[in-house]
Amino acid sequence: MNTRENFGSKLGAILAAAGSAVGLGNVWRFPIETGQHGGAAFIIIYIACIMVLGIPIMMSEFLIGRRTHSNTARAYEMLAPGTGWKWVGRLGVFTGTFILCYYCVIGGWTLHYTLLAATNAFDGVPATEFADIFSAFVSNEWMPTVWLIIFMLMSHVVVSRGIQHGIERFSKVIMPTLFILVVLLVVCSVCLPGASKGIEFLLKPDFSKVTGGVVLGAMGQAFFSLSLGMGCLCTYASYFNTHTDLGRTALNVCVIDTIVAIMAGFIIFPSVFNIGMDADHLQAGANLLFISLPNVFQKAFGGVQILAILFSVAFYFLIFIAALTSAISLHEVTTAFISEELKLKRRWSALIVTAVCSVVGVLCSLSFGPLSGVKLFGLTIFDFFDYISGNIFLPVAGLLISVFAGWYLDRQVLHDEFTNHGTLNAPYVRVIIFILKYIAPLGIGMVLLNQLGAFSWLW
Ligand code: PFF
């Protein structure tokens, strides 16, 4: 008896997958990478990475999930019974859980900063003090812990309600909200005096800045941003119905993710240039979101405090939503796995994931404060989770997925799934298979070596 749910509509499926892809990576990394590494030249390279690696790997994950209608770990076992491929699925579940453990910490921070912005807490704060405010917050024993638990509970509520009533319904409301916020913030930001300099910084092509390291960095970024390699999209695809066009869905998700990433640059740089800050030295990551930008937004509206408040609240709420929808997709990978493998009710499985990730998340969070002295392989707990999942597990899984789809799976299976058993015209199937066989393993292999520092002598 198959009691598995499916997404009720194509739009719901696309919005859920886009919700997974659009996350912190779009806001805190992509714009900085673009501005500092050649503007439009970087964007062109990034789009090429998405087309050459992102779409084919995403289609493979979709194929594996939809073909088997199972959680990621079981999916590989069904497609390759009695082989070691089942470990790729298990690696996906493991990596997803790992990422969720530190992602929820940052999710909690976004909630705290939304509240700070809403209560006008940045008014009159000197530029030099934003770093102190942030470090006092993250090193506190209680505050970040409380926020991360609230964040995990929100994700829990959505996931435990199931696919149609939880994830799909939520995505249908929250993703349009996210798009509206992005557009509003872009419009406000580009209307600021001096915005054109910010846009120029973001877009002016400079191919001399595109080194081999930048290209491999762009591939790594594309991977993380599209949520590839950790079973999220494979799990979501296991709820696609048989009519879903996998190629078109992958294209839609990639386009949405890239547009949001570029628009994030249009939100950030006009205001950075408006206040005359040095954009070349902005650091991607938490420093950007929680130290540089609160200061920028505070000053960008020429003392009209209400505008500064509204803009900042909308911005932090936007990244909170982006982080939450990504966290939900990570949560779902492990929840589906536990519920199907241990035959537990969804509610209980989700609770286990919430509890385990909250506990490990608290350890990650405390590594900014009381546990800062605890080191794993020379890294704090938070950095260890971040490094190992993003730099190692993710590309390893991506590499194995492309080899699995390109070399192990029967061509007919790929053809059947990409064309919905011959009912769709998909002339690109041969190209996708070629990429999966030769180009993707080579490209991702190089990303992996680069992230391990193998090319550091070169660039
Ligand atoms: N794609 C998300 C981002 O850009 O922040 C992060 C992420 C979510 C990575 C889900 C992996 C994943 F499975």
Side-chain angles (χ1 to χ4, degrees), residues 15-34 46 49-50 53-54 57-58 61-62 64-65 71-72 88-89 91-107 109-110 151 155 158-159 167 171 175 178 182 217-238 250 253-254 256-265 284-286 288-289 318-337 353 357 385-398 401:
L15 290 179
S20 172
V22 174
L24 293 164
N26 299 59
V27 186
W28 81 5
R29 260 202 104 75
F30 181 86
I32 298 287
E33 297 272 315
T34 306
Y46 182 80
C49 294
I50 299 253
L53 290 181
I57 305 269
M58 191 180 285
E61 288 209 28
F62 281 169
I64 294 163
N71 69 78
T72 309
V88 181
L91 178 68
V93 176
F94 193 64
T95 312
T97 316
F98 246 62
I99 295 194
L100 184 56
C101 292
Y102 78 84
Y103 209 81
C104 65
V105 176
I106 309 163
W109 296 351
T110 63
F151 183 83
S155 158
V158 176
V159 171
I167 295 174
S171 305
M175 290 309 286
L178 182 142
V182 168
M219 282 191 208
Q221 163 68 11
F223 236 77
F224 184 81
S225 189
L226 294 175
S227 303
L228 299 175
M230 65 211 76
C232 280
L233 298 177
C234 178
T235 306
Y236 274 4
S238 70
V253 174
C254 290
I256 294 175
D257 188 64
T258 308
I259 289 180
V260 173
I262 295 174
M263 304 250 291
L288 174 78
L289 288 192
L318 164 74
I319 41 177
F320 155 65
I321 298 177
L324 183 60
T325 48
S326 297
I328 287 170
S329 70
L330 292 160
H331 201 303
E332 173 60 25
V333 174
T334 322
T335 299
F337 171 72
V353 180
C357 291
F385 273 72
D386 179 11
Y387 180 83
I388 193 154
S389 48
N391 291 4
I392 300 179
F393 290 167
L394 217 120
V396 167
I401 290 168

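Just so you know, these numbers use all the heavy atoms, side chains as well, and skip hydrogens, waters and symmetry mates. Model, not experiment: these values are computed from the prediction. When a ligand or atom number is given, it counts from 1 through the structure's own listing order.
Counting heavy atoms from C-beta outward, Phe30 and Ile262 have side chains that approach closer than 4.5 Å.
Annotation for Leu226 and Ala21: closest pair CA-CB, 4.1 Å, computed over non-hydrogen atoms. Residues Asn26 and Ser225 approach most closely at OD1-OG, 3.4 Å, considering heavy atoms.
Note on ring orientation: taking the six-membered ring where Trp is involved, the planes of Phe98 and Phe385 are parallel (angle under 30°, cut-offs 30° and 60°).
The salt bridge (charged side-chain N to carboxylate O under 4.0 Å, His left out) search around Glu61 returns none, not counting sequence neighbours.
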Report every pair formed by an N or O atom of ligand 1 and a protein N or O atom separated by less than 3.5 Å, giving atom names and the distance to 0.1 Å.
from	atom 1	to	atom 2	distance (Å)
ligand 1	1 (N)	Ser20	O	3.3
ligand 1	1 (N)	Ala21	O	2.9
ligand 1	1 (N)	Phe224	O	2.9
ligand 1	1 (N)	Ser225	O	3.1
ligand 1	1 (N)	Ser227	OG	3.1
ligand 1	4 (O)	Ala21	O	3.2
ligand 1	4 (O)	Gly25	N	3.4
ligand 1	4 (O)	Asn26	OD1	3.4
ligand 1	5 (O)	Leu24	N	2.9
ligand 1	5 (O)	Gly25	N	2.9
ligand 1	5 (O)	Tyr103	OH	2.7

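Panel note: side chain Ser326, backbone Val22; a donor-acceptor pair is recorded below 3.5 Å.
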